[in-house]
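Scroll down for the structure; my scribbles are underneath it.
Convention: sequence-line order gives letters A, B, ...; per-chain numbering from 1.
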Number of protein chains: 2
Amino acid sequence: MYSSELIKGTLKTIVLKLLSESDKMYGYEITQKVKELTAGKILLTEGALYPTLHAMEAEGILTAEAVNVGNRIRKYYSVTKTGKKIAKEKVNEFEDFMNTMIFLLGLKPKIG
Amino acid sequence: MYSSELIKGTLKTIVLKLLSESDKMYGYEITQKVKELTAGKILLTEGALYPTLHAMEAEGILTAEAVNVGNRIRKYYSVTKTGKKIAKEKVNEFEDFMNTMIFLLGLKPKIG
DNA sequence: TTATATACCTAATATTCTTATGTATATAAT
DNA sequence: ATTATATACATAAGAATATTAGGTATATAA
């Protein structure tokens, strides 16, 4: 697990990227997928994730659909057309930022 | 200039890395050096930088020395032994984090 | 029957940054 | 001369985002 300050500001980018690649996902599913893909190095907390999902829905970046699964409720989120554009921009910006940081921190370059 | 949320959490890492490479630097000098090295893509604000420098000094990561230059005051900061260790840890952690993000966001790998 | 996993949510608090403001000297431009 | 910009420090109010902790509820494994 990384120090919390390191991950700050990357939540939206991660969520938008994952949602852009799948038809729809629900909150809990996102936390598990990120945990799995990062081998537990990035753990999204619900207190950060849910408010962010609500905010992105309010901004028109995501649409939500509540579904009953057995007796439980799931809220599936999908990326809107606007959201897909923003997702690409965020990923591109992050890539650019990493290149800048690689130079600034004197690391060996890696994204080509 | 990157969106502010992207840069969040990287300030200490940047400052510690720069200070580790030089004997000593003062706050304004750090802002200018980062601006120069990143071609203006990362601009450190004074409201973020100075409190962080004070905090790191209080934590024993940095030592400060006030110097009169003409009629102006400069506060030179140096990294302590503890600080150098933390600087290395932070840079290593950031490199690891970037690799994780590269995988998670499906980017082409770059740090080798 | 107790713990863990699934699945949502919010509120108080903490952290960190932005924005704005203040002080003061030095220098370049009009 | 005077105005703008650069140098150089600092803090304080507010915004944004995350942590921590708590709440509700069902399903399943121990």
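In terms of phosphate contacts, A:Y50 brings no side-chain nitrogen or oxygen within less than 4.0 Å of OP1 or OP2 of C:dC9. In terms of phosphate contacts, A:T45 brings no side-chain nitrogen or oxygen within less than 4.0 Å of OP1 or OP2 of D:dA18. Distances shorter than 4.0 Å separate some side-chain N or O of B:Y26 from OP1 or OP2 on D:dA8.
Using a 4.0 Å heavy-atom cutoff across all strands shown, B:L11 reaches sugar-phosphate atoms only and no base atom. Across all strands shown, B:G9 has heavy atoms under 4.0 Å from sugar-phosphate atoms exclusively, and none from any base.
In this structure a side-chain-to-backbone donor-acceptor pair under 3.5 Å is missing from B:Y2 to B:L43. A donor-acceptor contact shorter than 3.5 Å links the side chain of B:N92 to the backbone of B:K88.
If you measure from atom CD1 of A:I30 to atom C1' of C:dA7, you get 13 Å, rounded to the nearest angstrom. In this structure, CD1 of B:I42 is placed 15 Å from C1' of C:dC17, rounded to the nearest angstrom. In this structure, CD of B:E5 is placed 21 Å from P of C:dT15, rounded to the nearest angstrom. The distance from atom CE of A:M25 to atom P of C:dC8 is 11 Å, rounded to the nearest whole Å. In this structure, the CD atom of B:E46 is 19 Å from the P atom of D:dA13, given to the nearest Å. Note: CZ (A:R74) to C1' (D:dA25) measures 15 Å, nearest angstrom. Put simply, NE2 on A:H54 is 8 Å from C1' on C:dC8, counting in whole angstrom units. The distance between atom CD1 of B:I73 and atom C1' of C:dT23, rounded to the nearest whole Å, is 11 Å.
No donor-acceptor contact under 3.5 angstrom links the side chains of B:Y76 and B:D23, judged on distance only.
Positionally, the nearest nucleotide of DNA chain D for B:Q32 lies more toward the 5' end than for the other of B:Q32 and B:G47. Projected onto DNA chain D by closest heavy-atom contact, B:G27 and A:R72 fall at different nucleotides, the more 5' of which corresponds to B:G27.
Open room surrounds CD1 on A:I73; 12 or fewer heavy atoms of other groups in view lie less than 6.0 Å from it.
C:dT2 is paired with D:dA29 under the criterion used here, namely a Watson-Crick or G-U wobble arrangement in which both key atom distances are under 3.5 Å. Summarising the base pairing, D:dA16 is matched to C:dT15 through a Watson-Crick or G-U wobble pair whose two defining distances lie under 3.5 Å.
In plain terms, the two heavy atoms of B:A64 and B:Y77 that are nearest each other are CB-CE2, 3.6 Å.
Minimum atom distance to the side chain of A:K8 is reached by D:dA18, of the listed D:dT17, D:dA18, C:dC9.
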